[in-house]
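The structure appears right after this line, and notes come after that.
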Amino acid sequence: MSIEFDNNLPIYLQIMQYIKRQIVTGTLKAGDKIPSVRELAAELQINPNTVQRTFQELEREEVVETKRGLGRYVTSEESKIMTIKKEMAGELLERFLTGMQELGIEEQDIVNIVADAVAEGKQSLNGDGRGGTVNE
């Protein structure tokens with residue numbers, strides 16, 4: 001696990017985001033065991049108390065669950081994982097829209113840009129070899 005920490009955000013929150021991202025991308029699957037506090041603290045070279053706080057928050061949010069004597073595991077509730085994915089998508093979308101509005105781009109132009117990008121992405125996936133910019 002490799003995280004480049006941002007000094008402007010608490011470390012435990014950054015670790016939480018990293019673990020959630022691993023879950024929604026499928027790197028960590030429902031029911032997978034996650035590293036122990038000691039293992040993760042050693043790997044990230046941070047205080048074990050920080051990792052403990054991270055895990056407590058993840059448990060509070062029901063992202064991970066502790067099985068007494070066995071360790072911590074990613075929740076098996078697919079609906080919880082989908083909720084996390086939707087929340088993360090919403091945050092990305094909010095940042096995107098804010099950035100586009102700061103550039104002075106009108107709502108309909110934003111919709112067109114996104115539609116063009118999605119269509120272009122589908123064409124690339126279909127193997128037509130086209131690349132280029134959104135405004136082609």
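The side chain to side chain donor-acceptor pair (under 3.5 Å) test with E59 is passed by exactly one of T75, T66, T54: T66. The residue from I15, T50, I11 that alone fulfils the side-chain contact (heavy atoms from CB on, under 4.5 Å) condition with L44 is I15.
Under a 3.5 Å cut-off, the side chain of D32 and the backbone N or O of K29 do form a donor-acceptor pair. At distances below 3.5 Å, not a single donor-acceptor pair connects side-chain atoms of E91 with backbone N or O atoms of M88. At distances below 3.5 Å, not a single donor-acceptor pair connects side-chain atoms of E65 with backbone N or O atoms of R72. Side-chain N or O atoms of K86 include none that pairs as donor or acceptor with a backbone N or O of T83 at under 3.5 Å.
With hydrophobic clusters built from ILVMFWY side chains whose heavy atoms lie under 4.5 angstrom apart, V118 does not share a cluster with V111. In terms of hydrophobic clustering, with Ile, Leu, Val, Met, Phe, Trp and Tyr side chains grouped at heavy-atom distances under 4.5 Å, L92 and L97 are assigned to different clusters. In the hydrophobic clustering of this structure, F5 groups with Y18; members are Ile, Leu, Val, Met, Phe, Trp, Tyr whose side-chain heavy atoms approach within less than 4.5 Å, directly or through other members. Residues I34 and L70 fall into different hydrophobic clusters, defined by Ile, Leu, Val, Met, Phe, Trp and Tyr side chains chained together at heavy-atom separations under 4.5 Å.
Using a 4.5 Å heavy-atom cutoff, the side chains of V64 and Y73 are not in contact. Between F55 and L40 there is a side-chain heavy-atom pair separated by less than 4.5 Å. You'll find the side chain of L13 stays beyond 4.5 Å of the side chain of Q17, heavy atoms only. No side-chain heavy atom of V74 sits under 4.5 Å from any side-chain heavy atom of V63.
Not a single salt bridge (Lys or Arg N to Asp or Glu O under 4.0 Å) links R68 to another residue, sequence neighbours left out.
Atoms CD and OH, from Q52 and Y12 in turn, are 13.5 Å apart once rounded to the nearest 0.5 Å. To the nearest 0.5 Å, atom CD of residue Q14 and atom CG of residue N7 are 8.0 Å apart. Atom CZ of R21 sits about 13.0 Å away from atom CD1 of I19, to the nearest 0.5 Å. From Q22, atom CD reaches atom OG1 of T27 across 5.5 Å, with rounding to the nearest 0.5 Å. Annotation: the span from I84 atom CD1 to L58 atom CG amounts to 8.0 Å, rounded to 0.5 Å.
Environment of NZ in K33: crowded, with over 12 heavy atoms of neighbouring residues, nucleotides or ligands closer than 6.0 Å.
Closest non-hydrogen pair, A41 versus N47, comes out as CB-C, 4.3 Å. Closest heavy-atom contact between S76 and A30: CA-CB, 3.9 Å. Across all their heavy atoms, M100 and I113 have their closest contact at CE-CD1, 3.7 Å. The nearest pair of heavy atoms linking I110 to Q101 is CD1-CG, 4.4 Å.
The pair K20-E61 meets the salt-bridge criterion, since a charged nitrogen lies less than 4.0 angstrom from a carboxylate oxygen.
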